[in-house]
Amino acid sequence: MSPVTSDLQRTPTASSGWSRLPAEYAIPASTPSLEESREYCRRLARTHYENFSVATWFLPKNLRQDFFNVYAYCRISDDLGDEVGDASASLALLDEWQSQLEACYAGVPRHPVFVALADTVRKFNIPKHEFSDLLIAFRQDQTVTRFETFDDVLAYCRYSANPVGHLVLYLCGYRDAERQQLSDNTCTALQLANFWQDVSVDYAKGRIYLPLEDLRKYSVSEKDIAQNCNTQGFCELIKFEVERAREWFTLGLPLVGKVDQELAVDLELFARGGLEVLNAIERQNFAVLGRRPVISKARKLMLVARAALGKLL
């Protein structure tokens, strides 16, 4: 099969999947120009995710487009796995997206994300597996909805979160294993914080990321989660998992001192944002079912102000 999936090769399942997503996500019939593709990625990044837009204020101007390109890839990849509402359709779409990634590395991309991304890949010599690893996690989401142990959750984070940190390091000129491991610690912590914040949201999608062995340890049933019962056992469980996430943030903290100041500002902003999510969970006495903990606007402004001050100093 050619790296590029043609309209004739497209399966009915994939076609129905694209129809459930924003029209601009679809693979176009003709290849856009590099500048059109860059604008596509800029628009997607700036309109889709508030926190990413804030973070880009602190990026060196010469790196912003490359971050937009990487973000656009991650954003659409995530939505292919999470926003379609049909596992078989998502798997078909992820296969097409993988074909576009192969085409990108073969020098014949067609989707605007991959036209823009090809330029980034060439400049920074980014290995293909850093992008394809993310797709492993999104495929897993279609078939694996429960995790027996915490090690199983960590193995999922290995693909769902850690490649993003590697990509950021590549863009900033860092390729060594030591920094990648420290980044993995932070990215895993951020993923865990998101899981503990979104227990009800994830359950509505049919998924439980809390380890089943921990549910049994704290006498929490799936029925408790389904009915939004913040029992004493459930709250004790979330407290335990929050402390675990804090430990992973601590393990990743030394990375801030091993990169240049501009990247350090961004790393600290994201880490402190993740820690604030854990603080928000604690302020609710760990009762997250039916009431998603959020960071207030005032606290978000405080984080941004602190990051801006750090850059000035």
Side-chain angles (χ1 to χ4, degrees), residues 1-11 13-15 17-49 52 56 59 62-84 89-139 141-142 159-172:
M1 180 184 289
S2 165
V4 178
T5 305
S6 71
D7 292 335
L8 293 176
Q9 293 169 316
R10 179 167 296 162
T11 66
T13 304
S15 296
W18 287 115
S19 68
R20 303 181 193 193
L21 294 165
E24 63 182 11
Y25 281 16
I27 301 170
S30 58
T31 305
S33 69
L34 178 58
E35 187 46 50
E36 288 171 335
S37 300
R38 286 172 172 169
E39 174 55 30
Y40 177 100
C41 293
R42 285 195 295 269
R43 184 172 65 251
L44 187 66
R46 285 172 170 158
T47 59
H48 205 293
Y49 189 36
F52 182 83
T56 57
L59 290 173
N62 65 308
L63 289 180
R64 286 180 187 173
Q65 182 63 57
D66 295 299
F67 271 89
F68 291 146
N69 300 344
V70 168
Y71 175 82
Y73 171 81
C74 295
R75 177 71 272 151
I76 294 182
S77 299
D78 191 23
D79 286 352
L80 295 181
D82 223 27
E83 299 298 328
V84 177
S90 283
L91 288 169
L93 292 179
L94 288 165
D95 284 346
E96 283 202 5
W97 201 238
Q98 178 81 50
S99 294
Q100 289 295 307
L101 177 63
E102 300 292 337
C104 173
Y105 274 81
V108 286
R110 195 169 88 196
H111 193 283
V113 164
F114 292 102
V115 174
L117 196 63
D119 186 52
T120 298
V121 165
R122 282 192 298 269
K123 279 195 293 182
F124 298 97
N125 190 25
I126 303 174
K128 182 170 61 178
H129 75 84
E130 299 291 7
F131 294 102
S132 60
D133 279 357
L134 283 168
L135 302 186
I136 292 174
F138 300 139
R139 287 190 180 97
D141 277 336
Q142 311 313 311
Y159 295 105
S160 69
N162 298 357
V164 177
H166 293 188
L167 291 170
V168 170
L169 289 174
Y170 279 113
L171 295 185
C172 295

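Position 1 is the first residue of the sequence; numbering continues from there. Computed from a prediction, not measured in an experiment: that's the story for all the values here.
The closest side-chain heavy-atom distance from Y170 to N125 is not below 4.5 Å. In this structure, the side chains of L101 and S132 come closer than 4.5 Å at one or more pairs of heavy atoms. No side-chain heavy atom of Y25 sits under 4.5 Å from any side-chain heavy atom of E83. The shortest distance between side-chain heavy atoms of S90 and L80 does not fall below 4.5 Å. At a threshold of 4.5 Å between non-hydrogen side-chain atoms, the residues N69 and V113 do not count as touching. By the 4.5 Å heavy-atom criterion applied to side chains, W18 and I27 are counted as neighbours. Contact annotation: the side chain of D133 never approaches that of H166 to less than 4.5 Å [non-hydrogen atoms, C-beta and beyond]. Proximity of F67 to T120: side-chain heavy atoms (C-beta onward) are nowhere separated by under 4.5 Å.
Below 30°, between 30° and 60°, or above 60°: for W97 and Y73 the angle between ring planes is below 30°, a parallel geometry.
Between atom CZ of residue R46 and atom SG of residue C41 there is a gap of 11.5 Å, rounded to the nearest 0.5 Å. One distance of note links CG of L117 with CG of L167; it measures 8.5 Å at 0.5 Å rounding. Taking CD from E39 and CZ from F68, the interatomic distance works out to 9.5 Å, rounded to the nearest 0.5 Å. How far CG of D119 is from CZ of F124: 9.0 Å, rounded to the nearest 0.5 Å. A distance of 13.0 Å separates NE2 of H111 from OG of S99, quoted to the nearest 0.5 Å.
Summarising the geometry of Q142 relative to G81, their closest heavy-atom pair is NE2-O, 2.7 Å, with the distance given to 0.1 Å. Here the closest non-hydrogen pair linking G17 and V84 is CA-CG1, 4.1 Å. The two residues L34 and V115 come nearest to each other via the heavy atoms CD1-O, 3.8 Å. The shortest non-hydrogen separation linking P32 to P28 is CD-CG, 4.2 Å. Here the shortest heavy-atom pairing between C74 and V164 reads SG-CG2, 4.4 Å.
Electrostatic pairing of R42 and E35 counts as a salt bridge here, judged by a charged N lying under 4.0 Å from a carboxylate O.
E96 and Q100 form no side-chain donor-acceptor contact under 3.5 Å, judged by distance and modelled atom types alone.
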